[in-house]
Novice: 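Take this structure first; my questions come after.
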Amino acid sequence: MDKKLRVGILGATGMVGQRFIALLENHPWFEVVTVAASPRSAGKTYKEAVGGRWKMDTPMPACVQDLIVHNVNEVENVAATVDFVFSAVDMSKDEIRAIEEAYAKTETPVVSNNSAHRWTPDVPMVVPEINADHFDVIADQKRRLGTTRGFIAVKPNCSIQSYAPCLAAWKEFGPKEVVATTYQAISGAGKTFQDWPEMVENIIPFIGGEEEKSEQEPLRVLGKVENGQIVKASAPKITCQCIRVPVLNGHTAAVFMNFEKKPTKEQLIKKLVNYKGFPQEAGLPSAPKQFIQYLEEDNRPQVKLDVDYENGMGVSIGRLREDTMFDYKFVGLSHNTVRGAAGGAVLCAEALTAKKFIQSK
């Protein structure tokens, strides 16, 4: 790429916005030129607006510290400065739907981390290794919006990343029933232990809205484009419990599965480690070389040992074994704020760029 694409981040001062900032430092294709947030942050430098709320392990990149924060609601002003935007705004779903469409109608592509448009029929919700072909529906979305280059694409919920890739890798065996319990990190709620001390040595057996997302979103990812919209898959049937646990980063899933055609353990492992998709084939900058790793040790995957596999963009699977009630059970792990949030959105943007959906204005 001769010239980097100019990127704006909507909701740049929040935790996911900060993760975008950290991940995009020195990105070979993208350069953050604009940061936007709520009116109370507008007019301040990014460093002033974030203040002591920088939550990343790495220092705030020098290249963004002095950027003046725009008012995210001044859509035309922000859009005029960028080729596309990442959206991580903290608003109601109705407000998010409206503001993301407003940006798209300025002919500015929107790659969103938010959930508001995940079920809009002509908005692709993509894990690039699994369903990059869903980007084809963008042509229909543009017709609805009346745009030539503006559109919205989203990534799915962080909770499904540790088991949905297995459903794709094992598709030929006909997964038909899935029972999953996810053990979810506090960063998924935008928190650290400093600002959520009651989570230390605690478990909360409820995360609002998360179980519905965990049960339904994999079906949309596994679905197909028909008549200008995404039609979700009818199988497998998924039931899920989502539990908040005292871990900073990393969502773990304990999963039980039945298949139409029961495979051997060796067949399942081979499918996992050989599974790849468009990001690997295209050599995208953020793509893990090995999307899914299988760990043989009985005590893996572990958050402390495995959450940063492939810079947080890979998925770790272990403890695959036959079960007394189901065909198989296993444990999965993914990084919820990298693969599951900002990193997954960056990979989507890279795929959209490689497929020419995102270009310089």
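Side-chain atoms are counted along with the backbone in the values below, which use heavy atoms only and exclude waters and symmetry mates.
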Novice: Just by distance, no angles: are the side chains of Ser159 and Asn157 close enough, under 3.5 Å, to form a donor-acceptor pair?
Specialist: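 Checked: Ser159/Asn157 side chains pair up, N/O donor to acceptor below 3.5 Å.
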Novice: State whether Glu198 and Lys191 are salt-bridged, where the test is any N-O pair (Lys NZ or Arg NE/NH1/NH2 against Asp/Glu carboxylate O) under 4.0 Å.
Specialist: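 Answer for the salt bridge query: no.
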Novice: Roughly how far apart are Ile152 CD1 and Asp122 CG, rounded to 0.5 Å?
Specialist: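 Answer for the CD1-CG pair, Ile152 versus Asp122, is 8.5 Å.
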Novice: For the CD1 atom of Ile160 and the OG1 atom of Thr182, what is their distance to the nearest 0.5 Å?
Specialist: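 Answer for the CD1-OG1 pair, Ile160 versus Thr182, is 11.0 Å.
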Novice: Using 30° and 60° as the class limits, which term best fits the ring planes of Phe151 and Phe357: parallel, tilted or perpendicular?
Specialist: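 Plane angle over 60°, so perpendicular.
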Novice: Val32, Val346: one ILVMFWY side-chain cluster at the under-4.5 Å cut-off?
Specialist: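 Same cluster.
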Novice: Below 4.5 Å, heavy atoms only, C-beta onward: do Arg220 and Pro156 meet side chain to side chain?
Specialist: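 No, too far: nothing below the 4.5 Å cut-off.
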Novice: Kindly say whether Leu268 contributes a backbone atom to a donor-acceptor pair with the side chain of Trp170 at under 3.5 angstrom?
Specialist: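 Judged by distance alone, yes, a pair lies under 3.5 Å.
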Novice: Could you check whether any side-chain heavy atom of Met125 comes within less than 4.5 Å of a side-chain heavy atom of Ile230, counting everything from C-beta outward?
Specialist: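 The answer is no; the side chains never approach within 4.5 Å.
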Novice: Could you check whether Arg19 and Thr337, counting side-chain N and O atoms only, form a donor-acceptor pair closer than 3.5 Å?
Specialist: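 Yes, a side-chain donor-acceptor pair sits under 3.5 Å.
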Novice: Roughly how far, to the nearest 0.5 Å, is the CZ atom of Phe326 from the NZ atom of Lys262?
Specialist: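 Interatomic distance, Lys262 NZ to Phe326 CZ, rounded to 0.5 Å: 12.5 Å.
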Novice: Judged by atom type as modelled, is there a donor-acceptor pair below 3.5 Å linking the side chain of Gln280 to the main-chain atoms of Gly277?
Specialist: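 Yes, Gln280 side chain to Gly277 backbone: donor-acceptor pair under 3.5 Å.
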Novice: Closer than 3.5 angstrom, by distance alone: can the side chain of Asn336 be matched with the main-chain N or O of Gly250 as a donor-acceptor pair?
Specialist: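 Yes, because the side chain of Asn336 sits within donor-acceptor range (under 3.5 Å) of the backbone of Gly250.
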Novice: In this structure, which one of Lys176, Glu172, Glu177 forms a side-chain contact (heavy atoms from CB on, under 4.5 Å) with Glu260?
Specialist: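 Only match with Glu260 under side-chain contact (heavy atoms from CB on, under 4.5 Å): Lys176.
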Novice: Using the six-membered ring of Tyr294, assess whether NZ or CZ of Lys271 lies under 6.0 Å from its centre and within 45 degrees of the ring axis.
Specialist: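 Geometry flag: not set, cation outside 6.0 Å or 45°.
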Novice: For Met15 and Met56: C-alpha separation, side-chain torsions, deciding distance, then whether side chain to side chain contact (heavy atoms under 4.5 Å, CB included) applies.
Specialist: CA-CA 8 Å; Met15 193 170 196; Met56 300 298 104; 4.2 Å; yes
Novice: Can any side-chain N or O of Glu31 pair as donor or acceptor with the backbone N or O of Arg6 at less than 3.5 Å?
Specialist: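 Checking the backbone N and O of Arg6 against the side chain of Glu31, no donor-acceptor pair under 3.5 Å is found.
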Novice: Given the rule in the side chain to side chain contact (heavy atoms under 4.5 Å, CB included) test, do Lys47 and Trp54 qualify, once you have shown the distances and angles that lead to the verdict?
Specialist: CA-CA 9 Å; Lys47 186 175 182 179; Trp54 181 255; over 6 Å; no
Novice: Just verifying a value: how many Å separate Phe84 CZ and Leu352 CG, rounded to the nearest 0.5 Å?
Specialist: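 Between Phe84 CZ and Leu352 CG, I get 8.5 Å after rounding to 0.5 Å.
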Novice: When rounded to the nearest 0.5 angstrom, what is the spacing between OG in Ser38 and CG in Leu10?
Specialist: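 Those atoms lie 12.5 Å apart.
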Novice: Without swapping roles, check the side chain of Lys276 against the backbone of Glu129 for a donor-acceptor pair under 3.5 Å.
Specialist: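 No; zero donor-acceptor contacts below 3.5 Å.
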Novice: Without swapping roles, check the side chain of Glu310 against the backbone of Gln290 for a donor-acceptor pair under 3.5 Å.
Specialist: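 Answer holds: yes.
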Novice: Can you see which heavy atom on Leu295 is nearest to which on Ser316, and at what distance?
Specialist: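 The answer is CD1-CB, 4.1 Å.
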Novice: With a 4.0 Å cut-off on N to O distance, would you call Lys361 and Asp83 a salt bridge?
Specialist: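 No, this pair does not count.
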Novice: Answer yes or no: is there a donor N or O on one side and an acceptor on the other, between the side chain of Tyr328 and the main chain of Leu320, under 3.5 Å?
Specialist: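 Not confirmed, Tyr328 side chain does not pair with Leu320 backbone.
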Novice: Specify the closest pair of heavy atoms between Val33 and Thr81, including all atoms of both residues, with the distance to one decimal.
Specialist: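 Reported closest heavy-atom pair: CG2-O, 3.6 Å.
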Novice: Just wondering, do Val303 and Leu333 contact through their side chains at under 4.5 Å, heavy atoms?
Specialist: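 Yes; the side chains approach each other to less than 4.5 Å.
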Novice: Compare every heavy atom of Lys329 with every heavy atom of Glu322, then report the nearest pair and how far apart it is.
Specialist: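 Taking Glu322 first and Lys329 second, the nearest heavy atoms are O-CE, 4.0 Å.
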Novice: Which atoms form the tightest heavy-atom contact between Val245 and Ile186, and what is the distance?
Specialist: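 Closest heavy-atom pair between Val245 and Ile186: O-CG2, 3.6 Å.
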Novice: So do Ser286 and His27 actually touch side chain to side chain, heavy atoms under 4.5 Å?
Specialist: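 Yes, side chains in contact.
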Novice: Between Thr239 and Glu215, is a side chain to side chain contact (heavy atoms under 4.5 Å, CB included) present by the stated rule, with each step listed?
Specialist: CA-CA 6 Å; Thr239 184; Glu215 293 170 354; 3.6 Å; yes
Novice: With a 3.5 Å distance limit and no angle check, can you tell me whether His134 reaches the backbone of Gly223 through a side-chain donor-acceptor pair?
Specialist: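 Side chain of His134 to backbone of Gly223: a pair is present.
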Novice: If you compare all heavy atoms of Ile68 against all heavy atoms of Thr45, which two are closest, and at what distance to 0.1 Å?
Specialist: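 Ile68 and Thr45 have their closest heavy atoms at CD1-CG2, 3.9 Å.
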Novice: Minimum heavy-atom separation for Phe330 to Ser162, with atom names?
Specialist: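 What the structure gives for the nearest pair is CE1-O, 4.4 Å.
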Novice: Between Glu210 and Arg244, is the closest basic N to carboxylate O distance under 4.0 Å?
Specialist: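 Result for this pair is no, no salt bridge flagged.
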Novice: Is there a side chain to side chain contact (heavy atoms under 4.5 Å, CB included) between Tyr46 and Gln18 once you walk through the steps?
Specialist: CA-CA 10 Å; Tyr46 184 70; Gln18 292 177 25; 3.6 Å; yes
Novice: Taking Phe86 as the fixed residue, which of Leu23, Val7, Val16 is the one that meets the side-chain contact (heavy atoms from CB on, under 4.5 Å) rule?
Specialist: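 The residue from Leu23, Val7, Val16 that satisfies side-chain contact (heavy atoms from CB on, under 4.5 Å) with Phe86 turns out to be Val7.
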Novice: Treating His117 as the side-chain partner and Arg97 as the backbone partner, does any N or O pair qualify as donor plus acceptor under 3.5 Å?
Specialist: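 Yes: the side chain of His117 pairs with the backbone of Arg97.
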Novice: Is there a donor-acceptor contact under 3.5 Å from the side chain of Gln65 to the main chain of Met60?
Specialist: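 Checked: pair present.
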